[in-house]
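One-based numbering, in listed order, for ligands and for the atoms of each. Along the sequence shown, residues are numbered consecutively beginning with 1.
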Amino acid sequence: MTEKSTVRSVTYDLLRTLRLTTVFGNPGSTEQPFLQEFPDDFTYVLALQEASVIAMADTFASVTRRPALVNLHSSAGLGNALGNLVASYHANTPLIVTSGQQHRELVIGDPYLGNREATEMPKPWVKWSYEPARAQDVPEAFMRAYAMALQPPSGPVYLSVPMDDWKVPLGGFDRVRTLSDRVAPDAVRLGRFADRISASRRPALVFGPEVDRSGGWDAAIALAEKLRAAVYGAPLLDRASFPEDHPLFRGPLGMSVKTISDRLTGHDLVVVIGAEVFRYYPYVPGDYLPAGTELLQITADPEVAAAARVGDSLLGDSLLAIDLLLELVEPGSARTAPEPMARPRRLPQAPNRPMTPPEVYAVLSRVRPPDAVIVNESTSTMAQQIEWLPTVRTGSFFATASGGIGWAVPAAVGVALGDRDRGVTRPVLGLIGDGSFQYSVQAIWTAAQHGLPIVYVVMRNDEYSILKSFAVLEETPGVPGLDLPGLGIADVARGFGCRAADVATAEELEQELKTALSASAPTVIVVHTQPQTAML
Ligand SMILES: Cc1ncc(C[n+]2csc(CCOP(=O)(O)OP(=O)(O)O)c2C)c(N)n1
Ligand SMILES: [Mg+2]
């Protein structure tokens, strides 16, 4: 017996064609007409709060390199999701976020669960926002949403679908289209950039998140080596795009106008590929560039190009641009190779109790399998992570692109689900601060339900440590709300169905990490650590 053809069945056929068969969601009554008779070849990934839904879908899309589909509950669900949607927007993650709207018959009277001004609500953190004018437009709205999400600059889009639309009879949708996800740079302008790069005495390369996202990891290495150029990591990056143990890698650029400018002193040319110029925070005044330094930027995002504070920009996909530059630039064999990044890796003579973050990272660096993915939200120890745990492979470092915490715990789940979807097995390590762990903590339930052996290492310093460093920088003593006593993190983790352990020494940590890495369920290892003064 064939099902009656409706907006719902036609839309599911389209979603199948577009390979959008995993739905990340948290349902409500306005979504049930969409979810009814959920097809066997689709997977519903339930997260228990919408901030978790978004971050899981985000990294799932990144890892599978396909748009991902999200279904949330009307305005309340969308509201909970918004914080992490900001991260997806800045990370250029192609997400199709949908939610149910009240019945068309009732909408005019501002009904219960109605989503007032539904298409305005997620702005400006979506590229496109739409509610179909007619039920029969729903499939085409999904087609357009897919196109908008995928095309550069890729990013999240939003669709609000009235709940009565799904049952409306509809014959079919036969206008499935394909679209491009890359735009090549203008060849003439790229040629001029190449000439300026070839003429540089001491070029610096800054590779940003777009490079890894475009599949440009190997091309970036080839370009750096051909030019014999110093490579810096873009500020506050959400993905690493260059091996952080490479001899040409000089470390992160810094984050403020002043630190970045100081760091670039001595380079006559800075070439920023796939990043903002720059993702600044905090504000420490200085020159945007040192005297005598010029800057070139290549990005796929016109907004990012327009917002750059200095330099000349060129629009284009990072991988395509780097591949073309590789053919055009002169080899830099006459240049003196830059000094590699200093890695003092100093440990105390006698072990500390509580442990210091470097002692924690020393253990992690011994135990980490080379193919492990790091999802980092240990806000005060980012510098220690690069020193001790450099990212050495493509697609293996993720962090929030917006600065909003409560992203990494669910993002680790999305990485593991994405790897499973594409048939890859890699250990996933979530390095999380005790404060950051709380925002989307229920994501670990999804990890447990799906049997994802994620290893969370939670550094419990009983405070929002980085905010104490900010209080010094901002000269704002006496700020309330920075201490976090009395959190029973391991108990909470067990309550969500995870393995959990509290550890106090390097030996215990090493032992627990090894056990967790061979487990078939998620583990939360809580390490009591000393606060770390952050370099801002
Ligand atoms: C959603 C959200 N709320 C608040 C903040 C402000 N914030 C930035 S870092 C931070 C503290 C993080 O503390 P923790 O995870 O314990 O890391 P630590 O600094 O102690 O290493 C807070 C509250 C934020 N970035 N995002
Ligand atoms: Mg903390």
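The G435 neighbourhood of ligand 1 comprises atoms 14 (P), 15 (O), 16 (O), with distances under 4.0 Å to a heavy atom of that residue. Heavy-atom proximity to G404, at under 4.0 Å, picks out these atoms of ligand 1: 26 (N). Those atoms of ligand 1 with a heavy atom of Y439 less than 4.0 angstrom away are 3 (N), 4 (C), 23 (C). The ligand atoms of ligand 1 that sit less than 4.0 angstrom from a heavy atom of N461 are 18 (P), 20 (O), 21 (O).
Judged by distance alone, the side chains of T394 and D212 do bring a donor and an acceptor atom under 3.5 Å apart. With no hydrogens or angles considered, a side-chain donor-acceptor pair links D58 and S88 at under 3.5 Å. Residues Q442 and S52 bring a donor and an acceptor atom of their side chains to less than 3.5 Å of each other.
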Requested in this report: Assess whether side-chain hydrogen bond (donor to acceptor under 3.5 Å, both in side chains) is satisfied between Y464 and T379, documenting all intermediate values.
Outcome: CA-CA 9 Å; Y464 290 147; T379 51; over 6 Å; no

Query raised in the report: Is there a side-chain hydrogen bond (donor to acceptor under 3.5 Å, both in side chains) between T356 and E359 once you walk through the steps?
Result: CA-CA 5 Å; T356 57; E359 289 173 282; 2.9 Å; yes

Query raised in the report: Does the pair N71 and E31 meet the rule for a side-chain hydrogen bond (donor to acceptor under 3.5 Å, both in side chains), with working shown?
Result: CA-CA 8 Å; N71 186 242; E31 290 67 45; 5.5 Å; no

Report task. Start with the C-alpha gap between E512 and T523, add the side-chain angles, then the distance that decides, and say whether side-chain hydrogen bond (donor to acceptor under 3.5 Å, both in side chains) holds. Result -> CA-CA 9 Å; E512 287 298 337; T523 305; over 6 Å; no

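Of all protein heavy atoms, the one lying nearest to atom 18 (P) of ligand 1 is T379 OG1, 3.3 Å. Nearest to atom 13 (O) of ligand 1 among the protein's heavy atoms is Y464 CD2, 3.4 Å. The protein heavy-atom contact nearest to atom 8 (C) of ligand 1 is L467 CD2, 4.0 Å. Annotation: atom 21 (O) of ligand 1 to nearest protein heavy atom, S380 OG, 2.6 Å.
Relative ring orientation between F278 and Y280 is described as perpendicular, the plane-to-plane angle rising above 60° on a 0-90° scale split at 30° and 60°. Using bins of under 30°, 30° to 60° and over 60° for the plane-to-plane angle, the ring pair Y456/F437 lands in the perpendicular bin.
Residue G406 places no heavy atom under 4.0 Å from ligand 1. Ligand 1 does not have T381 within reach: every non-hydrogen atom of the residue lies 4.0 Å or more from it.
Close N/O approach between L484 and ligand 1 is not found [any backbone or side-chain N/O within under 3.5 Å]. Note: an N/O pair closer than 3.5 Å links D434 and ligand 1 by distance alone. Considering backbone and side-chain N/O of G403, one or more are found under 3.5 Å from N/O of ligand 1. Polar contact check, S436 against ligand 1: a nitrogen or oxygen pair lies under 3.5 Å apart. Taking any N or O of S465, backbone or side chain, at least one lies under 3.5 Å from an N or O belonging to ligand 1. Between E377 and ligand 1, a contact under 3.5 Å exists for no N or O pair.
Atom CZ of R343 has more than 12 heavy atoms from other residues, nucleotides or ligands within 6.0 Å. No more than 12 heavy-atom neighbours from other residues, nucleotides or ligands sit within 6.0 angstrom of CZ on R116.
Note: angle at the Mg ion (ligand 2), from OD1 of N461 to O of E463, is 80° (rounded to 10 degrees).
Heavy-atom proximity to atom 9 (S) of ligand 1, evaluated over I466, L482, V458, is greatest for I466. Among V86, I405, L431, the residue whose heavy atom lies closest to atom 1 (C) of ligand 1 is I405.
Looking at K468 and D483, a side-chain N of the basic residue comes within less than 4.0 Å of a carboxylate O on the acidic one, giving a salt bridge. Under 4.0 Å is where a charged nitrogen must lie from a carboxylate oxygen, and between R213 and D181 no such pair does.
Separation of the F470 and Y281 ring centroids falls under the 6.0 Å cut-off.
Counting protein heavy atoms under 4.0 angstrom from atom 6 (C) of ligand 1 gives zero.
Among the atoms of D434, an N, O or S atom falls under 2.8 Å from the Mg ion (ligand 2). Because the distance cut-off is set at 2.8 Å, S380 fails to qualify as a neighbour of the Mg ion (ligand 2), as none of its N, O or S atoms comes that close.
Looking at M459 against ligand 1, nothing comes within 4.0 Å, counting heavy atoms.
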